[in-house]
Amino acid sequence: MSTPFPFTAVVGQDDLRLALLLNAVSPAVGGVLVRGEKGTAKSTAVRALSALLPEVAVVSGCRFSCDPAAPDPSCPDGPHEVGSGAQRPARMVELPVGASEDRLVGALDIERALAEGVKAFEPGLLADAHRGILYVDEVNLLHDHLVDLLLDAAAMGASYVEREGVSVRHASKFLLVGTMNPEEGELRPQLLDRFGLTVEVAASREPEQRVEVVRRRLAYDDDPAGFAARWAGEEAAVRQRIIAARKLLPQVRLGDGALRQIAATCAAFEVDGMRADIVMARTATALAAWAGRTDVLAEDVRQAALLALPHRRRRNPFDAPGLDEDKLDETLEEFSGDDDPDPDGPGGGGDGGQPSPDEGPQGGDTGAQPEAGEGGEPQPAGAGPGERSPARAAEPFRTKVLSVPGIGEGAAGRRSRARTEHGRTTGSRRPRGALTKLHLAATVQAAAPHQRARGRSGPGLVLRRDDLRQATREGREGNLVLFVVDASGSMAARQRMSAVKGAVLSLLLDAYQRRDKVGLVTFRGSSADVALPPTSSVDAAAVRLESLPTGGRTPLAAGLLKAHEVLRVERLRDPARRALVVVVTDGRATGGPEPVALAGRAARLFAADSVASVVVDCESGPVRLGLAGRLAGELGGTAVTLEELRADSIAGLVRDVQGTKGTSRRAA
């Protein structure tokens with residue numbers, strides 16, 4: 001077994017270490033979500049924590065780690081008698097991103113359950129993690145239904161496995177730790193709220209601290225055991241402090257003054273629901289116990305707010321996490337209670353209160369820009385001839401549902417129809433490999449004609465392996481939504497480009513909600529650029545969109561050819577994910593010889609590949625040429641105006657994007 005890097009040897013990252021230690025003291029805090037760039041010791045710190053946790057007593061031979069002093073009465077390996085057991089180190093279990101549902105919650109042998117009435121259950125990772133740590137690296141890339149399952153288990157302290165009326169329950173209490181890089185996509189707000197604490201981590205910009213990080217890492221790599229031995233004293237001291245804090249925790253007093261401060265803080269920052277209040281209360285109590293106190297002080301409430309509230313303030317993926325610390329201090333001061341043992345108000349020891357690296361406006365400088373008319377726009381520094389400064393996006397709105405026709409088999413999502421493991425049952429088939437979703441009626445129907453030949457004499461059904469039928473289900477998949485945005489001079493009128501960016505931003509929000517990957521291709525001047533390769537981070541696309549300058553000619557063909565190349569490469573990487581191309585343009589094509597004919601030939605490449613597409617027609621004015629509608633016909637897709645794109649427009653029906661034969665609809 002490899003020697004883990006010592007927890008106390010991690011340089012800096014005070015907030016991360018504090019959040020992990022508070023959960024070690026009080027697992028009821030609800031776990032930690034660690035957000036940050038790559039290479040910031042996220043995984044190292046989590047793995048190091050497991051070595052600090054006290055050993056646990058378990059019932060000998062129990063696969064579910066039951067406590068011998070209070071065994072789980074519903075343990076599948078039980079019943080157990082109360083008595084002595086064996087001591088073992090606390091486990092740290094890692095959940096891989098590609099894990100299946102059965103690997104997480106366990107697998108129930110349906111064949112034996114139906115034929116023999118035996119609950120043959122193979123424990124999953126939730127059972128292995130009981131009374132230890134469950135670590136999910138890149139939790140934002142985990143399938144939504146798996147995140148729901150593990151968060152439900154963390155909240156209830158138990159895991160349930162249901163298969164066609166046969167159920168197994170076992171205890172599953174663990175310290176949940178997830179790490180993620182926000183550049184690869186965000187968790188949706190409902191899931192963010194289920195993590196007790198969140199921490200933003202970033203590499204230090206101080207040369208001396210960076211030198212110390214490298215020095216310790218090289219020393220560890222040269223001699224892991226020797227390096228760990230040099231830190232053994234510090235590790236033992238922290239372990240004893242965790243044990244002492246756990247013993248002190250039931251004696252900590254959370255007074256009415258501290259409770260008022262917690263409630264006032266959550267109300268002041270407008271967090272949804274009551275989970276934030278409860279998490280803050282538990283965190284403040286754990287902070288007091290960690291400090292060796294039996295009273296919760298205002299400084300504990302302040303630190304708890306900095307750890308428990310930033311991720312609960314996000315309303316959409318484009319909001320930056322973080323708290324206004326001046327507002328926090330004002331709120332705590334206003335509601336400081338007489339029974340607070342620290343009447344001077346919040347202390348200044350907020351180690352974890354450094355500003356989040358994500359705070360501040362997105363998309364660069366948002367200082368005031370003079371907005372002249374179309375002919376008098378200021379040019380950005382280094383801008384080419386005819387290029388205008390970026391327009392601000394209009395307010396986003398709820399869009400129509402654009403979906404890819406047919407039935408796919410891509411990653412689970414919420415956009416287009418697909419054959420999935422979860423959804424409504426549409427039929428049955430013979431199982432390929434282990435049976436996971438039994439189609440009971442089809443199984444009975446397959447077994448019924450053979451009962452006499454099999455010698456059935458009682459009420460039970462005589463089953464064979466060949467009788468079992470797997471349920472086929474239909475749900476929804478996520479797609480690759482590739483935006484191809486016209487940023488040429490014909491689109492550069494300030495009001496029009498603002499509306500266009502607002503529409504694309506609205507579609508990005510829709511893509512976020514439907515679990516899509518997104519990409520962004522822009523074209524203007526004489527070429528097209530991949531502003532954002534396909535990614536799960538829709539907020540990265542929003543940043544690129546916000547800073548998009550406009551001006552120059554309209555190389556429509558170049559934009560379409562660049563998008564076609566992006567799709568070709570992405571199809572090799574992820575062949576199961578179907579694409580939806582959204583072209584945002586007024587349909588004009590200028591520059592070079594025969595630009596209109598060349599654009600038509602480029603568009604027909606998409607039609608030949610049966611790529612689903614939609615053209616968002618940005619043409620405005622009393623006289624419209626209908627060029628976007630013609631482009632949609634060449635693409636084999638559909639045209640929709642900016643007005644029709646709104647879900648609450650008169651033409652507010654759900655629109656399927658035709659992938660083979662396009663039709664063009666225009667506003668009257």
Side-chain angles (χ1 to χ4, degrees), residues 3-32 34 41-57 67 87-92 131-135 173-177 196-197 199 201 212 216 220 227-254 258 279-308 341-342 347-353:
T3 303
F5 192 91
F7 186 85
T8 52
V10 174
V11 178
Q13 308 298 8
D14 295 336
D15 287 352
L16 171 57
R17 293 192 293 169
L18 177 61
L20 291 172
L21 289 169
L22 292 177
N23 275 271
V25 171
S26 175
V29 165
V32 186
V34 187
K42 300 189 298 292
S43 300
T44 299
V46 176
R47 293 188 175 99
L49 177 67
S50 62
L52 290 179
L53 297 182
E55 289 190 337
V56 295
D67 185 350
Q87 295 284 126
R88 66 160 176 78
R91 292 174 180 159
M92 193 199 74
R131 305 175 69 198
I133 300 173
L134 180 61
Y135 173 48
K173 298 179 181 178
F174 48 84
L175 193 169
L176 176 64
V177 182
L197 309 180
V199 177
V201 296
E212 186 61 22
R216 293 186 186 184
Y220 171 77
F227 183 83
R230 291 196 293 274
W231 290 88
E234 289 83 350
E235 294 283 285
V238 173
R239 188 180 300 109
Q240 290 302 315
R241 189 174 174 184
I242 292 173
I243 295 173
R246 284 184 174 183
K247 292 180 179 178
L248 183 62
L249 186 65
Q251 305 171 37
V252 175
R253 173 180 172 268
L254 183 64
V279 170
M280 274 190 65
R282 289 172 174 166
T283 305
T285 303
L287 279 162
W290 178 249
R293 289 185 269 101
T294 56
D295 287 297
V296 173
L297 306 182
E299 65 190 54
D300 299 324
V301 176
R302 186 182 194 277
Q303 185 68 62
L306 293 171
L307 293 172
D342 180 14
D351 296 351

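All values reported here derive from a predicted model rather than from experimental measurement. Values below: all heavy atoms of this structure, side chains included; hydrogens, waters and symmetry mates excluded.
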K.L.:
Atom CD1 of I133 and atom CG of L53: how far apart are they, to the nearest 0.5 Å?
P.N.:
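One gets 4.5 Å once the value is rounded to the nearest 0.5 Å.
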K.L.:
Is any NZ, NE, NH1 or NH2 atom of the basic residue among E212 and R216 found under 4.0 Å from an Asp or Glu carboxylate oxygen of the other?
P.N.:
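Salt bridge flag = yes for R216 with E212.
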K.L.:
With side chains defined as the heavy atoms from C-beta onward, is the minimum distance between F227 and T3 less than 4.5 Å?
P.N.:
no
K.L.:
Sort and list the pairs that fulfil salt bridge (charged side-chain N to carboxylate O under 4.0 Å, His left out) and have at least one residue in residues 16-27, not counting sequence neighbours.
P.N.:
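Salt bridge (charged side-chain N to carboxylate O under 4.0 Å, His left out) check on residues 16-27 returns D14-R17.
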K.L.:
Just how far is it from atom CG of L197 to atom CE of M280, taken to the nearest 0.5 Å?
P.N.:
10.5 Å
K.L.:
Can you give me the closest heavy-atom contact between A286 and V29, atom names plus distance?
P.N.:
CB-CG2, 4.5 Å
K.L.:
Does some side-chain heavy atom of V238 sit less than 4.5 Å from a side-chain heavy atom of L21?
P.N.:
yes
K.L.:
side-chain contact (heavy atoms from CB on, under 4.5 Å) for L175 and L49? Distances and angles first, verdict last.
P.N.:
CA-CA 11 Å; L175 193 169; L49 177 67; 4.2 Å; yes
K.L.:
Hey, could you give me the CZ/CG distance between R241 and L248, rounded to the nearest 0.5 Å?
P.N.:
11.5 Å
K.L.:
With side chains defined as the heavy atoms from C-beta onward, is the minimum distance between K42 and V46 less than 4.5 Å?
P.N.:
no
K.L.:
Of the options D300, V301, V252, which is the one that meets L287 in a side-chain contact (heavy atoms from CB on, under 4.5 Å)?
P.N.:
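Single pass found, and it is D300.
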K.L.:
Between atom OG1 of T8 and atom CZ of R239, what is the distance when rounded to the nearest 0.5 Å?
P.N.:
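Separation between the atoms: 9.5 Å.
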K.L.:
L306 versus D15: any side-chain heavy-atom pair under 4.5 Å?
P.N.:
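Not in contact.
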K.L.:
Heavy atoms only: give me the nearest W290-V25 pair and the separation to one decimal.
P.N.:
CE3-CG2, 3.9 Å
K.L.:
At their closest point, which heavy atom of G31 faces which heavy atom of N23, and how far apart are they?
P.N.:
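Taking every non-hydrogen atom into account, N-OD1, 2.7 Å.
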K.L.:
Tell me the closest heavy-atom pair linking V199 and A19, and the distance in Å.
P.N.:
CG2-CB, 3.6 Å
K.L.:
Can you tell me how far apart NZ (K173) and CG (D67) are? Round to the nearest 0.5 Å.
P.N.:
9.5 Å
K.L.:
Would you call P54 and R246 a side-chain contact if the rule is heavy atoms closer than 4.5 Å?
P.N.:
yes
K.L.:
Compare every heavy atom of P4 with every heavy atom of R47, then report the nearest pair and how far apart it is.
P.N.:
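Closest pair (atom of R47, atom of P4, distance): O-CB, 4.5 Å.
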K.L.:
Test T285 against L249 for side-chain contact (heavy atoms from CB on, under 4.5 Å), laying out the working first.
P.N.:
CA-CA 7 Å; T285 303; L249 186 65; 3.6 Å; yes
K.L.:
Can you find a pair of side-chain heavy atoms, one from P6 and one from E235, that are under 4.5 Å apart?
P.N.:
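SC-SC contact between P6 and E235 confirmed.
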K.L.:
Minimum heavy-atom separation for L16 to A45, with atom names?
P.N.:
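For L16 and A45, the tightest heavy-atom pair comes out as CD2-CB, 3.8 Å.
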K.L.:
Starting from the C-alpha separation in whole Å, work towards a yes-or-no answer on side-chain contact (heavy atoms from CB on, under 4.5 Å) for R253 and D295.
P.N.:
CA-CA 5 Å; R253 173 180 172 268; D295 287 297; 3.5 Å; yes
K.L.:
Restricting to salt bridge (Lys or Arg N to Asp or Glu O under 4.0 Å), what partner residues turn up for R91, sequence neighbours left out?
P.N.:
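Counting only residues at least two positions away or on another chain, R91 forms no salt bridge (Lys or Arg N to Asp or Glu O under 4.0 Å).
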K.L.:
As an exercise, state the distance from CZ of F174 to OH of Y135, rounded to the nearest 0.5 Å.
P.N.:
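Answer for the CZ-OH pair, F174 versus Y135, is 15.5 Å.
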K.L.:
With a 4.5 Å cut-off on side-chain heavy atoms, are T44 and F7 touching?
P.N.:
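No - every pair of side-chain heavy atoms lies 4.5 Å or more apart.
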K.L.:
Would you check, one step at a time, whether the test side-chain contact (heavy atoms from CB on, under 4.5 Å) holds for L22 with L307?
P.N.:
CA-CA 11 Å; L22 292 177; L307 293 172; 3.9 Å; yes
